Engineer: 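One structure, as structure tokens, below. Some questions next.
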Amino acid sequence: MKYCCLLFVCIGFLRSLLSQAQTTASITTLPLEVSAVCPGSVVKVPFTYTGKVGKVAVQISTGSSFTSIYTEPYSYSYSTDNKNSIYARTPDSVSSSQTYQVRVVGIDSSIVGSVSPTLLTIKLGNKPPKPIVDSLYWMCKRVRANGYLTQLRFTVLPNAKVKVYRDTNGLDFPIDSNDEYRSNGHTLSYRSATSGYLEFWNGYYLPSCEFYETNYYFTQTIDGCESDKARTIYQELCREEAFSFDEFVYGDGSLTYGRTRYCQGDIALPLNKKGYTPTNSPNVYLLFGSPETSGVTSTTTIPTPRTDKLGSVEYTLLSVPNDRSKVCTFYTIPSKLSVIVDPRPTSPIGPLLPVTYYQNQAAIALTAATSSTATTLRWYRPDATGVSSLTSTTAPVPLTDKPGSFTYLVSQVQGNCESPPYPITVNVLAPLAVEDSALAEQMTVYPVPTAASVTVDLSVVLLRAKPALLDLIDASGRVVWQQETKESRTTVPLQQLPTGTYGLRVKVGDKQAVK
């Protein structure tokens, strides 16, 4: 008994599956929108379906047997009872003045749909003329947020129905504005009874220069008779620039801004050396506009900016295609390059006299003052050859390991601009003998600083036993003047000596001191 119940359950489950399969696998052909067409016309056949019917086809019959006609290759994979439509073309050889039955069938699923309640009559009639369209329409690829639509315009006879075909992927069926999935963003719009346009989304701008072309075919139908196709070749040309800014500031896809800077008094370079870099594209060339030409882009001469005046000057750069059939550019909107001339700060304030040390004496960092809180100091210290080239933002401590005269430089920096350097001389004197503090207290040297001469006063007590030897020593340790004296006051002439720092050494016997 248990097994009999299980058998009945299994049989019931199988019946349920079979019943569900029979329920979901069906096609219902709905009434046609038209009841009469000419041979070779496209017919829109509405239908509903349940289950996964796959690829479908349209069949027609005079009452005896059904024959498939060329149908739009489209598959239906999801269960739905919504209204759908498929396009099919009646053959040119079909019999005129004949009435046909129409149905939709499943090619993959072998599902035979119901016959449409509407009978389709193939009638005799003359084809209307082709619509009037442009044979070629081109545009630049989409580069702006608001440049997303293109309109292909047409002119037809009054009250004619318009169909548009596209050859992408081999599809040869009309674009239907009621089916966004199948029309891929195309919308057929009308402005009057005799004119209108096909509107569709543009492709986005790509960095590489890619050319795109497709064909659109327009027909007009009057009283069920469709005209031959009028072709429009649609091309999307890439945008190509003749330059790229060295410093890009802003761009919205068509209008771009660049910038370059100078300090006042700098040697200016042509814009292609400082401002932008040529792309060396053979397809485009540059036109320039400058303040001297009131912004008119009419010259191929590369401008060289002026740097003698402070402020900002704006130049226009326009990429122009050599052959507009290959590339395009927004020639009415040139790009802008601003050349900014910034002020150059003055030299900092440094010590007026050389800084002097003896060899191996401990030194302290050099000092200088800025003339503005907006500036900073930049220091240059001498390298091994004595050339001031090593930079630092920290004030250097002079080296005193060897005697000589060394030049340090300091400048002020504001933004990208640097002032002329200010030189600071550091003299390192040769080492002297150990000074006698008692002797140093008995000598006076004045005035210091001085330009003409210096006076040396010695204690009378100091000169009783022996005379004093006076030596004038330069920064390198060389004795440039010498005199022995027993006088308590001696004048040392300095008029013939170069400006600098000197030491006056006094020797009495085995004692010495330096001022």
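Keep in mind that this is a model prediction, so the values were computed, not measured.
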Engineer: In the structure I gave you, are the side-chain heavy atoms of L271 and F243 within less than 4.5 Å of one another anywhere?
Structural biologist: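 Counting from C-beta outward, L271 and F243 never come under 4.5 Å.
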Engineer: Out of T260, N272, T277, which one pairs with D246 under the side chain to side chain donor-acceptor pair (under 3.5 Å) rule?
Structural biologist: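 The single option meeting the side chain to side chain donor-acceptor pair (under 3.5 Å) with D246 is T277.
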Engineer: Any side-chain heavy atom of E236 within less than 4.5 Å of one from Y234?
Structural biologist: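 In contact.
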Engineer: Mind checking whether V58 and V43 have side chains closer than 4.5 Å, heavy atoms only?
Structural biologist: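 Heavy-atom side-chain distance check fails, nothing below 4.5 Å.
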Engineer: Filter on disulfide (SG to SG under 2.5 Å), then keep only pairs touching residues 92-131, sequence neighbours left out; what's left?
Structural biologist: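 Residue pairs with at least one partner in residues 92-131: there are none.
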Engineer: Please report the shortest heavy-atom distance between L409 and P423, naming the atom on each side.
Structural biologist: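 Here L409 and P423 meet closest at CD2-CA, 3.7 Å.
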Engineer: Would you find a donor on one side and an acceptor on the other, under 3.5 Å apart, between the side chain of S116 and the backbone of V102?
Structural biologist: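 The answer is no, because no donor-acceptor pair under 3.5 Å joins these two groups.
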Engineer: May I ask you to say whether R344 pairs ionically with D266, meaning some side-chain N is under 4.0 Å from a carboxylate O?
Structural biologist: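 Counted as a salt bridge, because a side-chain N and a carboxylate O are separated by less than 4.0 Å.
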Engineer: I'd like to check K123 versus D223 (side-chain heavy atoms, cut-off strictly below 4.5 Å). Are they in contact?
Structural biologist: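 Yes. Closest side-chain heavy atoms under 4.5 Å.
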Engineer: Identify the two heavy atoms, one from Q59 and one from V105, that lie closest to each other, and give their separation to 0.1 Å.
Structural biologist: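 The pair with the smallest heavy-atom distance is OE1-CG1, 3.5 Å.
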Engineer: Are side-chain heavy atoms of F218 and L198 found at a separation under 4.5 Å?
Structural biologist: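 The answer is yes; the side chains approach within 4.5 Å.
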Engineer: Measuring from atom OG1 of T28 to atom CZ of R103, what distance do you get when rounded to the nearest 0.5 angstrom?
Structural biologist: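 Here the rounded value is 13.0 Å.
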Engineer: Which distance, rounded to the nearest 0.5 Å, do you find between the CD1 of I111 and the NZ of K52?
Structural biologist: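 Going from the CD1 atom of I111 to the NZ atom of K52 covers 12.5 Å.
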Engineer: Between P128 and C225, is there a side-chain heavy-atom distance shorter than 4.5 Å?
Structural biologist: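 The answer is yes; the side chains approach within 4.5 Å.
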Engineer: When rounded to the nearest 0.5 angstrom, what is the spacing between CD in E241 and CG in L286?
Structural biologist: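 Nearest 0.5 Å value for the CD-CG distance: 8.5 Å.
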Engineer: Under a plain distance cut-off of 3.5 Å, with no hydrogens placed, do S227 and Q220 share a side-chain donor-acceptor pair?
Structural biologist: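 S227 and Q220 do not have a side-chain donor-acceptor pair below 3.5 Å.
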Engineer: Go through the steps for L377 and Q412 under the test side-chain contact (heavy atoms from CB on, under 4.5 Å), then give the verdict.
Structural biologist: CA-CA 5 Å; L377 294 177; Q412 287 192 101; 4.1 Å; yes
Engineer: Looking at Y87, does the NZ or CZ of K163 lie under 6.0 angstrom from its six-membered ring centre and within 45 degrees of the ring axis?
Structural biologist: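 Relative to the ring axis of Y87, which defines the angle, K163 lies outside at least one limit.
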Engineer: Would you find more than 12 non-hydrogen atoms of other residues, nucleotides or ligands less than 6.0 Å from D308 atom CG?
Structural biologist: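 Atom CG in D308 is packed in, count exceeds 12.
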Engineer: For the side chain of K274 and the backbone of R261, is there at least one donor-acceptor N/O pair under 3.5 Å apart?
Structural biologist: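 Between the backbone of R261 and the side chain of K274 there is a qualifying donor-acceptor contact (under 3.5 Å).
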Engineer: Quick check: are there more than 12 heavy atoms from other residues, nucleotides or ligands sitting under 6.0 Å from CG of N416?
Structural biologist: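 Counting other residues, nucleotides and ligands, CG of N416 stays at 12 neighbours or fewer.
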Engineer: Minimum heavy-atom separation for T71 to V56, with atom names?
Structural biologist: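 Heavy atoms only, the tightest pair is CG2-O, 4.0 Å.
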Engineer: Kindly compute the distance separating CZ (R381) from OG1 (T391), expressed to the nearest 0.5 Å.
Structural biologist: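 Going from the CZ atom of R381 to the OG1 atom of T391 covers 10.0 Å.
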Engineer: Please find the pair of heavy atoms, one from Y285 and one from N322, that lie closest to each other, and give the distance.
Structural biologist: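 Answer, listing the atom of Y285 first, then N322: CD2-OD1, 3.0 Å.
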Engineer: Are any of the side-chain heavy atoms of Y165 and V42 separated by less than 4.5 Å?
Structural biologist: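 Y165 vs V42: side chains touch.
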Engineer: Sort and list the pairs that fulfil side-chain hydrogen bond (donor to acceptor under 3.5 Å, both in side chains) and have at least one residue in residues 29-39, not counting sequence neighbours.
Structural biologist: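 For residues 29-39: none.
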Engineer: Considering the options T376, I349, T375, which one meets the side-chain contact (heavy atoms from CB on, under 4.5 Å) requirement together with T370?
Structural biologist: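 Filter result, single survivor: T375.
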Engineer: Just jot down the side chain to side chain donor-acceptor pair (under 3.5 Å) partners of E418, sequence neighbours excluded, or say none.
Structural biologist: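 With sequence neighbours excluded, E418 shows a side chain to side chain donor-acceptor pair (under 3.5 Å) to R378, Y380, S411, given in chain and number order.
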Engineer: Count the heavy atoms of every other residue, nucleotide or ligand shown that sit under 6.0 Å from CG of N159, and state whether that count exceeds 12.
Structural biologist: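 No, not enclosed.
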Engineer: Does T121 reach the main-chain N or O of A36 with its side chain, forming a donor-acceptor pair under 3.5 Å?
Structural biologist: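 Flag not set: sc T121 to bb A36 has no pair under 3.5 Å.
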Engineer: L152 and V133: side-chain contact (heavy atoms from CB on, under 4.5 Å), yes or no, with the steps?
Structural biologist: CA-CA 8 Å; L152 299 183; V133 296; over 6 Å; no
Engineer: Evaluate T90 against I60 for side-chain contact (heavy atoms from CB on, under 4.5 Å), listing each step before the verdict.
Structural biologist: CA-CA 9 Å; T90 59; I60 60 175; 5.7 Å; no
Engineer: State whether a side-chain donor-acceptor pair under 3.5 Å links S372 with Q414.
Structural biologist: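 Looking only at side-chain atoms, Q414 and S372 do not form any donor-acceptor pair under 3.5 Å.
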Engineer: Short question: side chain of S135, backbone of T232 - any donor-acceptor pair under 3.5 Å?
Structural biologist: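 Not confirmed, S135 side chain does not pair with T232 backbone.
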Engineer: Measure across G258 and V249 and return the closest heavy-atom pair with its distance rounded to 0.1 Å.
Structural biologist: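 Answer, listing the atom of G258 first, then V249: C-CG2, 3.9 Å.
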Engineer: Using only atom types and a distance under 3.5 Å, with no angle test, would you say the side chain of R89 pairs donor to acceptor with the backbone of G40?
Structural biologist: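 Here the side-chain-to-backbone pair exists.
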Engineer: Is it true that Q151 and R153 share a donor-acceptor pair across their side chains at a distance under 3.5 Å?
Structural biologist: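 Yes, Q151 and R153 have a side-chain donor paired with an acceptor closer than 3.5 Å.
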Engineer: Tell me whether S319 contacts the main-chain N or O of A242 through its side chain, where contact means a donor paired with an acceptor under 3.5 Å.
Structural biologist: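 Here the side-chain-to-backbone pair exists.
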Engineer: Could you state the interatomic distance from NZ (K161) to CD1 (I222), rounded to the nearest 0.5 Å?
Structural biologist: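 It is 11.5 Å, given to the nearest 0.5 Å.
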Engineer: Any non-hydrogen side-chain atom of I302 less than 4.5 Å from a side-chain atom of F288?
Structural biologist: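 Counting from C-beta outward, I302 and F288 do come under 4.5 Å.
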Engineer: Which heavy atom in V284 sits nearest to a heavy atom in E240, and how many Å separate them?
Structural biologist: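 Closest approach of V284 to E240: CG1-O, 3.6 Å.
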Engineer: Run the side-chain contact (heavy atoms from CB on, under 4.5 Å) test on D228 and T219 for me, step by step, so that the C-alpha distance in whole Å, both residues' side-chain angles and the decisive distance to 0.1 Å come before the verdict.
Structural biologist: CA-CA 6 Å; D228 291 332; T219 67; over 6 Å; no
Engineer: Hey, could you give me the OG1/CG distance between T316 and L318, rounded to the nearest 0.5 Å?
Structural biologist: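 Atom-to-atom, T316:OG1 and L318:CG are 7.5 Å apart.
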